Peer 1: 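Mind looking over this structure? Questions follow.
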There are 2 protein chains.
Amino acid sequence: MVMGRRRPGSYVCGVDAAMDVIGGKWKVLILWALAVRPHRFGELRRELHGVTEKVLAAHLRELEADGIVHREEYDEVPPHVEYSLTPKGVTLNAALEPLGVWGQRNVLASATAGEVGEDDDVALITRGA
Amino acid sequence: MVMGRRRPGSYVCGVDAAMDVIGGKWKVLILWALAVRPHRFGELRRELHGVTEKVLAAHLRELEADGIVHREEYDEVPPHVEYSLTPKGVTLNAALEPLGVWGQRNVLASATAGEVGEDDDVALITRGA
DNA sequence: CTGTATCCCACACGATACTG
DNA sequence: CAGTATCGTGTGGGATACAG
């Protein structure tokens with residue numbers, strides 16, 4: 001889904017405010033990748049299979065502007081840039097975890113199997129591959 | 001932001017699977033409204049200030065197809081329809097709460113005030129108006 | 001290696017009118 | 001009241017080429 005960024009405006013509640021920050025096709029995947037470890041631009045491009053350089057760069061700029069990711073540039077040749085989560089990004093990631101569990105149990109699971117028991121322990125693979 | 005629904009495909013993780021369900025400009029607001037109490041079509045239209053009938057109807061149909069909302073039609077004159085959350089919708093709403101708290105503290109608060117303390121009790125106004 | 005610069009387009013959303 | 005039918009549009013994102 002694409003919802004237009006309405007930055008200028010006032011949000012109705014905290015959820016849609018947060019949705020504005022993570023509302024990009026690849027943003028949660030970027031968050032997830034950076035939660036594992038810092039990544040270089042090329043690493044992200046390879047791990048987010050299908051993203052174009054233009055869009056990846058744009059998303060990273062936005063996440064940086066929102067204080068979610070930190071961009072560290074090493075002045076070397078060849079160029080070397082590392083992206084990592086800021087403390088704020090870490091908290092966002094944590095806030096996303098329940099949603100990940102929900103999606104895992106209510107979308108992914110039901111898409112492949114029949115129904116899902118109530119006590120399946122999916123918590124350990126929260127955002128599962 | 002609007003991210004295109006990629007229903008046909010396989011999701012990379014639970015989060016973007018869930019994002020597909022709530023990925024509509026008004027969906028979280030619908031969820032929120034229905035969490036308070038069941039609503040009629042016209043009530044939703046009035047509470048979600050700015051939504052058009054077409055889009056509201058489309059979102060409700062998608063949420064219904066995803067098993068998030070229940071549509072109860074009373075065969076009367078004039079027509080009477082009530083939308084409410086399914087148990088699955090309730091769990092989704094619950095999974096959204098941490099994100100709401102995050103947005104409240106990291107987007108809404110910082111937009112109006114300076115910085116936010118760590119222990120402010122915003123938990124009680126989770127999805128706050 | 002880490003990006004910009006263009007061009008293009010599908011599609012989510014909006015506006016308006018109409019119907020059972 | 002509770003929606004459909006049509007038409008128009010903004011923009012997020014894809015493809016490709018080029019640059020520091």
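A quick note: this is a predicted structure, and the numbers were derived from the prediction, not measured. Here is how names work: the chains are called A, B, and so on, in the same order as the sequence lines, proteins then strands, and each is numbered from 1.
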Peer 1: Rounded to whole angstrom units, what separation is found between the CD atom of A:E73 and the P atom of D:dG20?
Peer 2: 15 Å
Peer 1: Can you measure A:E62 atom CD to D:dT11 atom P for me and round it to whole angstrom units?
Peer 2: 13 Å
Peer 1: Taking B:D20 for its side chain and B:A17 for its backbone only, find out whether a donor-acceptor pair lies under 3.5 Å.
Peer 2: no
Peer 1: Quick one: side chain to side chain contact (heavy atoms under 4.5 Å, CB included) partners of A:R46, sequence neighbours excluded?
Peer 2: A:E43
Peer 1: Taking side chain to side chain donor-acceptor pair (under 3.5 Å) as the test, write out the residues that go with A:E72, two or more places apart.
Peer 2: A:H70
Peer 1: Starting at CG of B:D16, measure out to NZ of A:K25 and round the result to the nearest 0.5 Å.
Peer 2: 10.5 Å
Peer 1: Reckon A:H59 has a side-chain N or O less than 4.0 Å from the OP1 or OP2 of D:dG13?
Peer 2: yes
Peer 1: A:D16 CG to C:dC13 C1': how many Å, rounded?
Peer 2: 16 Å
Peer 1: Checking the side chain of A:K88 only, and the main-chain atoms of A:D66 only, is there a donor and an acceptor separated by less than 3.5 Å?
Peer 2: yes
Peer 1: In whole angstrom, give the distance that lies between atom CG of A:L48 and atom P of C:dT2.
Peer 2: 14 Å
Peer 1: How close or far is atom P of D:dG14 from atom CG of A:L56, stated in whole angstroms?
Peer 2: 11 Å
Peer 1: How does protein contact run along nucleotides 1-7 of chain D, one letter per nucleotide 5' to 3', with B for base contact, S for sugar-phosphate only, - for none, heavy atoms under 4.0 Å?
Peer 2: BSBB-BB
Peer 1: Given atom CG of A:D20 and atom P of D:dT11, what is their separation to the nearest angstrom?
Peer 2: 13 Å
Peer 1: Between A:H39 and A:R37 (side chain of the first, backbone of the second, donor and acceptor by atom type, cut-off under 3.5 Å), is there such a pair?
Peer 2: yes
Peer 1: How many Å lie between CD on A:E76 and C1' on D:dG20, as a whole number?
Peer 2: 16 Å
